[in-house]
Structures are given as C-alpha cells and as structure tokens.
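Here's the structure, in structure tokens; my notes come after.
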Amino acid sequence: MCRFPLFETISVLDGQVQNLSYHQQRFEQAVKEFFGCNPAFCLAEILIIPAEFQTGKVRCRIDYNATQFEVKFYPYQPKQITQFRCVEVKNWDYHLKFSDRKRFDLFNILQNEEVIIINNGNVSDCSIGNLLFLKQGVWYSPQDYLLKGTQLTALIDQNKVMLTKIRKEDLKQYESIMMINALNPFDEKRVVSTSNIDFFDAYRKY
C-alpha cells in the first residue's frame, strides 16, 4: 500500500480556505472507513497558507494517511469545458478520494473536453468532479455518483440541487450540464448545452 492512499483537494481564495467543514467531515469519514480509526490531526491545524499563495485562487492538495500528511499548493488555472463525451464503465467504485487515479487516464480526455462516466448504465460523475443537469428550471445531480464532492454536498444542504437517478437514455431530457468540484462552485457561466454531448464513445467499455 502506498504511503498516502487518500487525498483531499481544497480551494483557497485570497488566503481563505473554502468549505473547510465539508472537507473535514469527508476526511474524518474516509480515515475511519479506510484505516479503522480516528485521524491524528485535523485539516485546520495543517493548512498554513504560504505568503506566495495568499492572493487569487489556489489549489491545495493534501495527501494523507491516518497519522501523516503532505500538503502542496498550486496556482489554479480552471479548465474551460465546451464538450462532454459519454464513456461506459462496469462496477467502478471510487467512493473514497483515492490517490490512485490511473483508471481515469484511460479516457484520454482532450483539453476542452470532459467525460460523463456511465457506471453500469447509470450516469455518475466526470473525471474531475460531480455533474449537474438542468431540466425545467431545476438542477439535478445523479444519485449514483462515484464520489460525493464537497460542493455537491453543500448544494444539497442548501436545497439548490436534487439527487435523482439518471440513466444514459435520460440525458437528452436535460437542457444543460455543469461540472462542479472543490475549485469550481456552482456558476451558470460554466453551463454547457446538452447538445454538446458526444454519445458515440458510450459504446466503448472501460
């Protein structure tokens, strides 16, 4: 087993850690499930923002086990997504934020593209976050997500998003699609029309 099998990605905006309570909750749950114990530290204790990362949006990555951690900071450049491609997988499990993400590399995702991962026929996530779908003024997210992100959890708590089952054949019922993750909160400026979904690759099995 690798030294740090799990990780968290956190947004830091002008030196302020975003959604820390949601990250702490997921971190504690992951340690208890994976290691069978409580973590020896909390995220607030280890998140010391260096001076050079006190301005703008910064990506913080914390690789960890139950007792040790490694924290790194990176300037953040958002991905401009204009196209989604359906990909089908079987029996994928990524309910914890595992450091080993080699399976996602199989998709060979292009620069302005993301994938819609269809797991056992059910729409789940993309490679870097959760997905939201708009229908008749209401935003939905697949109940069969691979990993429940902190942004998704917050939107559900705020009654802004509803979980629902979405099958591959249901996608054309929706008008728009949006990717969300720790560094990309809900923002209608990032909405992509579902007409920009390529269904062709859905017939390839990963």
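When a residue number appears, it is its place in the shown sequence, counting from 1. Heavy atoms only: backbone and side chains are in, while hydrogens, waters and symmetry mates are out.
The only option from F27, F4, F69, F7 that meets the ring-ring contact (aromatic ring centres under 6.0 Å, His included) definition with Y64 turns out to be F27. A side-chain contact (heavy atoms from CB on, under 4.5 Å) with I117 holds for exactly one of S124, P142, C86; it is S124. The only option from V115, I177, T194 that meets the side-chain contact (heavy atoms from CB on, under 4.5 Å) definition with F84 turns out to be I177.
I116 is not connected to L132 by any chain of hydrophobic side-chain contacts under 4.5 Å among Ile, Leu, Val, Met, Phe, Trp and Tyr, and they are in different clusters. Side-chain heavy atoms closer than 4.5 Å link hydrophobic residues (I, L, V, M, F, W, Y) into clusters, and following such links, even through other members, never connects V17 to I180. Under a hydrophobic-cluster definition in which Ile, Leu, Val, Met, Phe, Trp and Tyr are linked whenever side-chain heavy atoms come within less than 4.5 Å, directly or via other members, I156 and F133 are assigned to different clusters. No chain of hydrophobic side-chain contacts below 4.5 Å, direct or via other Ile, Leu, Val, Met, Phe, Trp or Tyr residues, connects L47 to L183. Both I49 and I46 are assigned to one and the same hydrophobic cluster, defined by single-linkage of ILVMFWY side chains at heavy-atom distances under 4.5 Å.
Taking R167 as the reference, N122 meet the side-chain hydrogen bond (donor to acceptor under 3.5 Å, both in side chains) condition, with sequence neighbours excluded. Residues passing the side-chain hydrogen bond (donor to acceptor under 3.5 Å, both in side chains) test with N112, sequence neighbours excluded: none. Residues meeting the side-chain hydrogen bond (donor to acceptor under 3.5 Å, both in side chains) test with N19, sequence neighbours left out: none.
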Original post:
Given the rule in the side-chain contact (heavy atoms from CB on, under 4.5 Å) test, do W139 and L155 qualify, once you have shown the distances and angles that lead to the verdict?
Top reply: CA-CA 10 Å; W139 283 98; L155 289 169; over 6 Å; no

**OP:** Kindly determine whether V89 and F107 satisfy side-chain contact (heavy atoms from CB on, under 4.5 Å), including the steps that lead there.
**Re:** CA-CA 11 Å; V89 302; F107 299 142; 4.1 Å; yes

Original post:
Should N120 and N91 be marked as a side-chain contact (heavy atoms from CB on, under 4.5 Å) after you check the CA-CA gap, both sets of side-chain angles, and the distance that decides it?
Top reply: CA-CA 6 Å; N120 298 332; N91 303 322; 3.1 Å; yes

Subject >> Full working for side-chain contact (heavy atoms from CB on, under 4.5 Å) between L6 and K97 >> reply: CA-CA 6 Å; L6 301 170; K97 202 167 175 65; 5.6 Å; no

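Contact detail for S99 and D63: the closest heavy-atom pair is OG-OD1, 3.6 Å. A pairwise comparison of heavy atoms in E113 and K79 identifies O-NZ, 2.6 Å as the closest pair. Taking all atoms of both residues into account, the shortest heavy-atom contact from K135 to Y174 is CB-CD2, 3.6 Å. Counting all heavy atoms, side chain and backbone alike, Q16 lies closest to Q18 at O-NE2, 2.9 Å. Contact between A66 and C37 at its shortest, heavy atoms only, is CB-SG, 3.7 Å. Scanning both residues, K57 and P185, for their nearest heavy atoms gives NZ-CD, 4.2 Å.
Atom CD of residue E188 and atom CE of residue M178 lie 5.5 Å apart, to the nearest 0.5 angstrom. Between the CG atom in N38 and the OG1 atom in T67 there is a gap of 13.0 Å [rounded to 0.5 Å]. To the nearest 0.5 Å, atoms OG (S193) and CD (Q83) are separated by 10.0 Å.
Contact check for L43 versus I10: side-chain heavy atoms found under the 4.5 Å cut-off. No side-chain heavy atom of F98 sits less than 4.5 Å from a side-chain heavy atom of C2. Residues I109 and E114 have side chains in contact (heavy-atom distance under 4.5 Å, counting atoms from C-beta outward). Using a 4.5 Å heavy-atom threshold, the side chains of N130 and Q151 count as separate.
Around atom CD of Q111, no more than 12 heavy atoms belonging to other residues, nucleotides or ligands sit under 6.0 Å away. Counting heavy atoms of neighbouring residues, nucleotides and ligands inside a 6.0 Å radius, atom CD of Q136 does not exceed 12 of them.
The aromatic rings of W92 and F104 sit perpendicular, their planes meeting at an angle over 60°, well past the 30° parallel limit.
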Listed pairs under 3.5 Å, donor-acceptor, residues 71-78 side chains, sequence neighbours left out:
| unit_1 | atom_1 | unit_2 | atom_2 | d |
| --- | --- | --- | --- | --- |
| Y76 | OH | N184 | ND2 | 2.8 |

Side chains of residues 143-150: which donor-acceptor pairs under 3.5 Å do they make with residues two or more places apart or in other chains?
| unit_1 | atom_1 | unit_2 | atom_2 | d |
| --- | --- | --- | --- | --- |
| Q143 | OE1 | K165 | N | 3.4 |
| D144 | OD2 | K165 | NZ | 2.9 |

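Without hydrogens or angle criteria, T55 side chain to D14 main chain gives no donor-acceptor distance under 3.5 Å. For R3 (side chain) and N65 (main-chain N/O), no donor-acceptor pair under 3.5 Å exists by modelled atom type. Panel note: side chain R59, backbone T9; no donor-acceptor pair is recorded below 3.5 Å.
Side-chain contact annotation: Y22 with D157, donor-acceptor N/O pair under 3.5 Å present.
Among residue pairs with one or both ends in residues 24-39, those qualifying as salt bridge (charged side-chain N to carboxylate O under 4.0 Å, His left out) are E8-R26; sequence neighbours excluded.
The pair E88-K168 meets the salt-bridge criterion, with a side-chain N (NZ, NE, NH1 or NH2) lying under 4.0 Å from an Asp/Glu carboxylate O.
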